[in-house]
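The sequence lines fix the lettering, A, B, ..., with proteins before strands; numbering per chain opens at 1. Excluded from the calculations below are hydrogen atoms, water molecules and symmetry mates; all remaining heavy atoms, backbone and side chain alike, are included.
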There are 2 protein chains.
Amino acid sequence: MLGLLARRPSTGYELSRRMERPVGWFWTAGHSQIYPELARLEAAGLVTHEDVEGAGPRQTKRYHVTAAGLADLRAWVAAELEPQPVRDLEVLRLWSIWTVEPEAARDLVRRVREGHVERLAAYEADLATLDGVAEAADRTRPEFASRVTLEGGVRSRRAVVEWLDWLLEELADG
Amino acid sequence: MLGLLARRPSTGYELSRRMERPVGWFWTAGHSQIYPELARLEAAGLVTHEDVEGAGPRQTKRYHVTAAGLADLRAWVAAELEPQPVRDLEVLRLWSIWTVEPEAARDLVRRVREGHVERLAAYEADLATLDGVAEAADRTRPEFASRVTLEGGVRSRRAVVEWLDWLLEELADG
DNA sequence: CCTTTCATGTAATGGGTTACATGATTCG
DNA sequence: CGAATCATGTAACCCATTACATGAAAGG
């Protein structure tokens, strides 16, 4: 959330919208998580808000990061990495693919492949919008980081699709 | 857990050990999750156990899947895929890399790269143990599925390492 | 006028991790 | 004889999702 607000001040509602795309490719949060968290961040002095006029029944609050919040974000980015546990239900299924009939196996792989192809297309479309944008070449600009992470998404999804194509060949004939 | 037990009957303790490697590459569970879950699976008739002599202060129980359990596993493998939300803290950090000093940025990327290189090496080592194993070529054998998922791990980690190398070049000079 | 979007919150539930708890056997 | 491994459980806590709850403005 600090990363989002550092790019552009937003209301809680906007944050939940923004979580769907770009950032949403690798992190998400529902609004029921966002509002309490904004309150906690504000209590910690990392964000502040001003009231703006809006459509809801309650006051619309636009949040932005404070100097302390930006320092916190920077510290987190540069901090030690902890090993992250991988949890991939699709690969877990493929790990038990030996238990099912050949046709069911091929069908599973085809469906998994389809999902990755869709994601790949979405990444490529997002990446295309940054094509020729001057800021995307400047390392101190958020657009640069967007371009870089999307590039990573494209590359790894492509690798996965190629792997699944290879797997389909392994499962062929049968 | 059904997938693990379908390959080989195990005690709860062994399951938690086995979660560390092979399967652990894409799914993990602590023993505090495993024991209650085994009880639930047994109540549902998907696994059973017999007592064997062991070292602990309580009775050692060796679990194996029932016919119903295997059917359940097969049904799950072939079932509809739900879109899985991606949560990647490393990419999330990289998405905020524009906020930090050039040297901190390069350092972060180098450390992320190191972690992936390590994982890649582990996958390749695991894959090497299946080299020349006859069962790994047979689509109805667990070794086949192990080989296939490891191959996927190798391919996608390689893509990520290549991406990070590309990123380091983008961050060079500066 | 009805549906969608904007807008913000709370409550209940579920899954997972960490901490608490116990104790026998084996190896150095 | 002390540490590591084998072995199984419960309790507390945290994070995240789903469901509950409200209501104004804008567009078709």
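In this structure, the CG atom of B/L15 is 9 Å from the P atom of D/dT8, given to the nearest Å. We find that CD of A/E37 is positioned 14 Å from P of C/dG9, with the value rounded to whole Å. Distance CG (B/D51) to P (C/dA24): 18 Å, rounded to an integer number of Å. Atom pair B/L38:CG and D/dT10:P shows a separation of 12 Å (rounding to whole Å applied). Atom CD in B/E14 sits about 16 Å away from atom P in D/dT5, given to the nearest Å. Going from atom OH of B/Y35 over to atom C1' of C/dA21 covers 14 Å, rounded to whole Å. Following rounding to the nearest Å, A/R18 (CZ) and C/dC6 (P) show an atom-to-atom distance of 14 Å. Here the P atom of nucleotide C/dG16 and the CE atom of B/M1 are 11 Å apart, to the nearest Å.
An OP1 or OP2 oxygen of D/dT8 is reached within less than 4.0 angstrom by no side-chain nitrogen or oxygen of B/Y13. Neither OP1 nor OP2 of C/dC6 sits under 4.0 Å from any side-chain N or O of A/T11.
Of all heavy-atom pairs between A/R141 and A/E135, the closest is CB-O, 3.4 Å.
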Could you write out each protein N or O paired with an N or O of nucleotides 15-19 of chain D at a distance under 3.5 Å?
| from | atom 1 | to | atom 2 | distance (Å) |
| --- | --- | --- | --- | --- |
| D/dA16 | OP1 | B/R87 | NH1 | 3.1 |
| D/dA16 | OP2 | A/Q33 | NE2 | 2.5 |
| D/dA16 | O5' | A/Q33 | NE2 | 3.4 |
| D/dT17 | OP2 | A/Q33 | OE1 | 3.4 |
| D/dT18 | O4 | A/S32 | OG | 2.6 |

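A single hydrophobic cluster is seen to contain both A/W76 and A/M1, as judged by linkage of ILVMFWY side chains at heavy-atom distances under 4.5 Å, directly or through other members.
In this structure, B/R17 and B/Y63 both approach DNA chain D, and ranking their closest nucleotides by distance from the 5' end singles out B/R17.
At least one side-chain heavy atom of A/E170 sits less than 4.5 Å from a side-chain heavy atom of B/R147.
The salt bridge (charged side-chain N to carboxylate O under 4.0 Å, His left out) search around B/R7 returns none, not counting sequence neighbours.
Counting only distance, with no hydrogens or angles, the side chain of B/T66 and the backbone of B/G45 share a donor-acceptor pair below 3.5 Å.
The pair B/E14-B/R17 does not meet the salt-bridge criterion, since no charged nitrogen lies less than 4.0 angstrom from a carboxylate oxygen.
Note on residues 115-130 of chain A: pairs passing salt bridge (Lys or Arg N to Asp or Glu O under 4.0 Å), not counting sequence neighbours, are A/E124-A/R158.
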